[in-house]
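Chain A is the first sequence line, chain B the second, and so forth, proteins listed ahead of strands; every chain is numbered from 1.
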There are 2 protein chains.
Amino acid sequence: MTKPPLTVRELIRDHYPTLTQSERKFANSLLENYPAAGLASITIVAANAEVSTPTIARMVQKLGFKGYPQFHQALLKELEAKVSGPTQRRENWASEAPEGHMLNRFSQAVTDNLSQTFSNVDSGQFDAAVRQLAKTEGRLYVVGGRITRALADYAFTHFQAIRQRVTHMTSSSATWPHYVLDMEEGDTLLLFDVRRYETNLQRLAELAAERGVKVVLITDQWASPIAAVAAHTFNCWVEIPSAWDSNISTMMLLEAMIAATQEESWDKTKDRYDRLDELFDTTRLFRKFS
Amino acid sequence: MTKPPLTVRELIRDHYPTLTQSERKFANSLLENYPAAGLASITIVAANAEVSTPTIARMVQKLGFKGYPQFHQALLKELEAKVSGPTQRRENWASEAPEGHMLNRFSQAVTDNLSQTFSNVDSGQFDAAVRQLAKTEGRLYVVGGRITRALADYAFTHFQAIRQRVTHMTSSSATWPHYVLDMEEGDTLLLFDVRRYETNLQRLAELAAERGVKVVLITDQWASPIAAVAAHTFNCWVEIPSAWDSNISTMMLLEAMIAATQEESWDKTKDRYDRLDELFDTTRLFRKFS
DNA sequence: TATCGCGTGAAAAGATTTTTCCAAAATGGG
DNA sequence: CCCATTTTGGAAAAATCTTTTCACGCGATA
């Protein structure tokens, strides 16, 4: 059986009667500011408690540690455990699929990716990028690479509904110079580049930036070199158990941006949506929504 | 005014573009297990990240610390602050964004959607659909609607890398009859249809089913009418705080299917991947992966 | 007051950690 | 394909931290 790991606090309480005066001085100092007062080096900790280093060295051995480093580690472990909390990880959304099933492995990877991506988004950057994307004075260009072309397409479809002056630059880079010709200050370039980073995209971004176009870059956790010229860069975690990279977090960030952009200019957007709906109704392309 | 102390996480994000390969290795290792992976001595931390101690020493200086001990202290301070901090409730993966911020509302909605979607997937159905998608004897047709066209495109790009005989049916429905003409028993039709359901897609699905084509349908939680003729139907939860529907869970299911299909026929697929890589190398379209 | 036992901390010794230096390896450009 | 440049990690040096040693001080006791 494994011995239940006592906290340092408990250890001190248990040993308190056998502690000497100076040792209690340190014990009190630690309990008063627990566990911070025990996290520095033995020298500093001793100075703070106004006792000598040997006193502390002797005491931690009394508490049952081999030496100060072990004591230090124990405090750290406690702190860590406290932060990671009551196992908030591992969402409870496994399906009925067996343990090692792709569905479950996948869900785990996706959770991790989304979590990483979220905690690395700077909300200030996000807001700034959204304001830029909502600027209808300038034109909004959207472009992606070999894989992210689909994301660019998705972005285009939605932004087109939200605002005017949106252009999807096709992935055939031969046509890009034509677009660059018309780019001017105040325009925005929403660009997707995940590994393997494409040299063509980099050239495009550089040319656009030179012209005063604000580049909003959505890339992976390793950051495309385009970040150097981008006004706003967002990193998405993309690793999954597979030979290729996942774009779910990328997609999520994109959708969040679309949603925020839409909110930013809702009064203008609402009107567009209504008119779009009318058009759909008249062309009867869709079944009535039920 | 006092300068707001950046967290180590933020420092890493800000400096990420200037980090070298090994430095990123450590950065990732730290972010993946934050901040625990940075709390030990430089020697141990380096070993865990599988880089050398000098690499880490150099990196923490890049981040702006005088040396490793300072970096270590900074992490400790953060951890402490987190523990003592007021009401440490918060969502599991909220960013530093304020409570009602779009990012946080969005993350909540996405988690819910993914959770719902996952727990409603039947792993048997999933496996069956994957087997169908991996059948290279027949042709695989991929098609989506107005919005889901992007997903179909994404699916096409990946399936094309995995197997031969894949066709992306463009969203211009005028060309569909030509494709239908060639459809035959044993073929597969991967079809995306989320509300508002498109009548054209329904016609297409019916025609294909009549010809003995197996239809794999990815739809929303309310289920497109196409489900009636589909061999395998998957429902994805799509509601977000917005005027339109999210396709993140849709995308996730799609990616899971791609991953599973790839795994199903890895021996064949691996070869294709290798050859594809070679082709990319010779055309020099991409930067070396770094 | 002399003596003993214990607690204490200065300082030395020892152990470990951190930093620096440099040669080898990897990378990117021509 | 080769060369210049950058990146990397082994190993030694430097710094720091931890432990041990030991002498001093203090109070209790006879």
Can you give the donor-acceptor pairs under 3.5 Å from side chains of residues 51-61 of chain B to other protein atoms, not counting sequence neighbours?
from: Ser52(B); atom 1: OG; to: Thr55(B); atom 2: OG1; distance (Å): 3.0
from: Gln61(B); atom 1: NE2; to: Lys66(B); atom 2: O; distance (Å): 3.4

Task: For Lys62(A), salt bridge (charged side-chain N to carboxylate O under 4.0 Å, His left out) partners two or more places apart - done: Glu23(A)
- [ ] Output every pair passing salt bridge (Lys or Arg N to Asp or Glu O under 4.0 Å) with a member in residues 235-253 of chain A, not counting sequence neighbours, ordered by first then second residue.
- [x] Arg195(A)-Asp245(A)
Task: Non-neighbouring partners of Ala228(A) that pass side chain to side chain contact (heavy atoms under 4.5 Å, CB included), sequence neighbours left out - done: none
Open item on the list: What stems show up for DNA chain D when you take Watson-Crick pairs (N1-N3 plus N6-O4 or O6-N4) and G-U wobbles (N1-O2, O6-N3), both under 3.5 Å, and require three or more consecutive pairs?
Closed with: C:1-30 with D:1-30
Open item on the list: For Phe156(B), give me all partners under ring pair (Phe, Tyr, Trp, His ring centres under 6.0 Å), at least two apart in sequence or on another chain.
Closed with: His168(B)
Name the pairs: protein N/O against N/O of nucleotides 7-17 of chain C, kept only if under 3.5 Å.
from: dT8(C); atom 1: OP1; to: Ser22(A); atom 2: N; distance (Å): 2.7
from: dT8(C); atom 1: OP1; to: Ser22(A); atom 2: OG; distance (Å): 2.5
from: dT8(C); atom 1: OP2; to: Thr20(A); atom 2: OG1; distance (Å): 2.4
from: dT8(C); atom 1: O5'; to: Ser22(A); atom 2: OG; distance (Å): 3.0
from: dG9(C); atom 1: OP2; to: Ser52(A); atom 2: N; distance (Å): 3.3
from: dG9(C); atom 1: OP2; to: Ser52(A); atom 2: OG; distance (Å): 3.3
from: dG9(C); atom 1: OP2; to: Thr55(A); atom 2: OG1; distance (Å): 3.1
from: dG9(C); atom 1: N7; to: Arg58(A); atom 2: NH2; distance (Å): 3.4
from: dG9(C); atom 1: O6; to: Arg58(A); atom 2: NH1; distance (Å): 3.3

- [ ] Send over the distance from Arg24(B) CZ to dT7(D) P, rounded to a whole Å.
- [x] 11 Å
Open item on the list: Can you measure Lys66(A) atom NZ to dC17(D) atom P for me and round it to whole angstrom units?
Closed with: 19 Å
- [ ] Calculate the interatomic distance between Phe71(B) atom CZ and dT18(C) atom P; express it in whole Å.
- [x] 11 Å
- [ ] Please report, rounded to the nearest Å, how far the C1' atom of dT20(D) is from the CD1 atom of Ile56(A).
- [x] 16 Å
TODO: Provide the full list of salt bridge (Lys or Arg N to Asp or Glu O under 4.0 Å) pairs with a residue in residues 205-221 of chain A, sequence neighbours left out, each pair given once.
DONE: Arg203(A)-Glu206(A)
Task: Rounded distance (Å) that lies between atom P of dT18(D) and atom CZ of Phe65(A) - done: 14 Å
Open item on the list: For Ala37(B) versus Phe26(B), what's the shortest heavy-atom pair and its separation?
Closed with: O-CE1, 4.5 Å
Task: Euclidean distance, atom CG of residue Leu39(A) to atom P of dC17(D) [Å, nearest integer] - done: 15 Å
Open item on the list: Output the rounded distance in Å from NE2 (His72(B)) to C1' (dT16(D)).
Closed with: 14 Å
Open item on the list: Test of understanding: with ring pair (Phe, Tyr, Trp, His ring centres under 6.0 Å), list the residues that count as partners of Phe71(A), not counting sequence neighbours.
Closed with: Phe65(A), Tyr68(A)
